[in-house]
Amino acid sequence: MRFLATTLLCALLAAGCAAELHRPTAGPCRTPNAAQLLRDANRSLTFVDFAPGPGYDTGAHGEARPLRLRAIAPGSKAVLSYPDPERFAGADAGFALLSRRTFVYDQALAMVWAVQHGDRPLARALGQTLAALQNPDGSWGFSFAAHGDGYYNANYVRAGAAAWCAYGLALYLQGGADDALQATLDRSLAWLVGQVDPTTKLVRAGHGRWHDGDHFDPDWPADFAATEHQIDAWFALMAAAAVPGVAQAAEWRNIANQLAAAVDARLWRAGE
């Protein structure tokens with residue numbers, strides 16, 4: 001199936017080449033040693049207590065819009081996306097403000113890493129933060145301040161980032177039951193399934209848009225389907241269906257199969 005070929009290619013490229021992309025290499029991409037990858041990640045990932053101030057998002061005119069988060073469970077953690085932004089030579093001065101910022105897909109990737117590393121307490125602590133940040137409709141905003149500042153761009157929603165969150169939660173729950181995080185996963189899958197366009201059977205992107213980096217339109221409908229989001233959603237649905245004992249397993253697998261068929265039919269470019 002073409003969809004399977006696409007997903008396998010993406011996975012192989014990510015697994016085989018990611019560790020080599022940070023430096024020039026004269027030879028072909030080498031598959032790194034898994035244990036070495038874990039050691040490197042353990043040195044480079046920066047985790048902090050999730051301790052935001054009063055929550056707020058950006059309004060349409062750049063104003064701070066008050067935002068109420070869900071209850072934050074004790075011990076919740078966040079991974080910093082740019083723990084040392086000063087090391088990026090030539091970056092805009094404002095880039096330094098990202099030192100406390102986390103993108104939700106980075107939070108989800110850190111959760112995946114913790115699960116694969118066998119660190120379930122860390123994975124749960126990261127998942128608790130995702131639970132606190134989950135929007136009432138089951139989606140997630142795009143980025144948040146990990147500590148000190150309560151900023152959360154909750155109204156910039158993209159299906160791909162939400163699917164990564166669902167995927168991280170599902171992998172964690174495959175290793176053991178957790179009622180609170182299972183409820184978080186269930187809400188996220190309900191939102192993802194609700195984003196499926198009835199005509200194309202593809203997942204719509206979400207909502208919210210930035211203009212020139214300064215003005216934000218929280219209500220802008222992102223009524224398009226990004227190929228990347230479909231693959232993210234497929235993995236999330238299949239991982240959620242593999243959680244032991246979930247009642248919706250057959251439904252989620254069926255939706256995932258329909259999504260794969262829609263990707264084959266509408267997004268595959270045979271000539272490329």
Side-chain angles (χ1 to χ4, degrees), residues 1-18 103-116 123 126-127 130 134-135 137-142 157-175 181-207 222-270 272:
M1 187 171 74
R2 292 190 296 261
F3 180 84
L4 180 59
T6 304
T7 56
L8 286 174
L9 177 60
C10 291
L12 287 170
L13 287 172
C17 299
F103 292 88
V104 292
Y105 49 78
D106 286 338
Q107 183 80 2
L109 281 167
M111 192 175 185
V112 171
W113 175 84
V115 170
Q116 294 179 338
L126 294 165
L130 289 178
Q134 190 174 41
N135 288 327
D137 63 1
S139 67
W140 278 275
F142 211 66
V157 173
R158 289 296 180 269
W164 270 106
C165 294
Y167 182 65
L169 289 163
L171 289 188
Y172 169 77
L173 289 164
Q174 286 176 15
L181 294 187
Q182 182 67 56
T184 304
L185 175 62
D186 291 345
R187 285 190 294 267
S188 71
L189 267 292
W191 181 82
L192 268 179
V193 170
Q195 287 296 110
V196 176
D197 182 88
T199 301
T200 66
K201 305 300 182 184
L202 296 172
V203 176
R204 294 186 297 264
H207 63 82
D223 284 333
F224 58 87
T227 302
E228 176 187 353
H229 294 179
Q230 315 312 309
I231 295 171
D232 298 341
W234 183 85
F235 273 108
L237 286 160
M238 293 299 288
V243 174
V246 294
Q248 307 98 318
E251 175 190 355
W252 289 339
R253 287 194 188 94
N254 183 54
I255 295 170
N257 290 334
Q258 292 178 2
L259 181 59
V263 170
D264 274 353
R266 296 181 176 274
L267 300 180
W268 178 265
R269 295 186 175 184
E272 298 180 18

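Values below: every heavy atom of this structure, side chains too, minus hydrogens, waters and symmetry copies.
- Looking at Arg253, its side chain never comes within 3.5 Å of a backbone N or O of Met238 through a donor-acceptor pair.
- Taking all atoms of both residues into account, the shortest heavy-atom contact from Ala256 to Trp234 is O-CD1, 3.2 Å.
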- request: Please test Leu173 against Leu185 for side chain to side chain contact (heavy atoms under 4.5 Å, CB included), starting from the C-alpha separation and ending with a verdict.
  value: CA-CA 9 Å; Leu173 289 164; Leu185 175 62; 3.7 Å; yes

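- Residue Ala242 comes nearest to Gln174 through the heavy atom pair CB-NE2, 3.6 Å, listed as atom of the first residue, atom of the second, then distance.
- With rounding to the nearest 0.5 Å, the separation of CG in Asp223 from CD in Gln195 is 8.5 Å.
- Across all non-hydrogen atoms, the minimal contact from Ala163 to Ala236 is O-CB, 3.4 Å.
- Between Ile231 atom CD1 and Leu267 atom CG the span is 8.5 Å, to the nearest 0.5 Å.
- In this structure, Ile255 CD1 and Leu189 CG are separated by 8.0 Å, a value rounded to the nearest 0.5 Å.
- The two atoms that bring Ala170 and Ala240 nearest to each other are CB-N, 3.6 Å, heavy atoms only.
- Counting only heavy atoms from C-beta outward, the side chains of Phe224 and Arg204 never approach each other to under 4.5 Å.
- Formation of a donor-acceptor pair under 3.5 Å by the Asn254 side chain with backbone atoms of Ala250 is not found in this model.
- Side-chain atoms of Trp164 never come within 3.5 Å of backbone atoms of Asp232 as a donor-acceptor pair (strictly under, hydrogens ignored).
- The two atoms that bring Ala123 and Val115 nearest to each other are CB-CG2, 3.8 Å, heavy atoms only.
- Counting heavy atoms from C-beta on, the side chains of Trp191 and Val157 come closer than 4.5 Å.
- At least one donor-acceptor pair under 3.5 Å links the side chain of Asp197 to the backbone N or O of Thr200.
- Within 6.0 Å of atom CD in Glu228, 12 or fewer heavy atoms from other residues, nucleotides or ligands are found, so the atom counts as exposed in its surroundings.
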message: Could you go through Met111 and Leu169, starting from their C-alpha distance and side-chain angles, then the distance that decides it, and tell me whether this counts as side chain to side chain contact (heavy atoms under 4.5 Å, CB included)?
response: CA-CA 8 Å; Met111 192 175 185; Leu169 289 163; 3.8 Å; yes

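- Between the Gln230 side chain and the Ala226 main chain, a donor and an acceptor come within less than 3.5 Å of each other.
- Of the inter-residue distances, the one linking Leu181 atom CG with Leu126 atom CG reads 10.5 Å to the nearest 0.5 angstrom.
- The only option from Val246, Leu192, Val243 that meets the side-chain contact (heavy atoms from CB on, under 4.5 Å) definition with Trp252 turns out to be Val246.
- To the nearest 0.5 Å, atom CG of residue Leu259 and atom CZ of residue Phe235 are 11.5 Å apart.
- Residues Gln134 and Ser188 form a side-chain contact, since some pair of their non-hydrogen atoms from C-beta on lies under 4.5 Å apart.
- Put simply, the side chain of Gln258 never gets that close to the backbone of Lys201: no donor and acceptor are under 3.5 Å apart.
- Put simply, the side chain of Gln107 never gets that close to the backbone of Leu130: no donor and acceptor are under 3.5 Å apart.
- Pairing each heavy atom of Ala161 with each of Tyr105, the nearest pair is CB-CD2, 4.2 Å.
- Residues Val193 and Leu237 have side chains in contact (heavy-atom distance under 4.5 Å, counting atoms from C-beta outward).
- Taking the side chain as every heavy atom from C-beta outward, Val263 and Trp268 never approach each other to under 4.5 Å.
- Checked by atom type and distance alone, the side chain of Arg187 never pairs as donor or acceptor with a backbone atom of Asn135 at under 3.5 Å.
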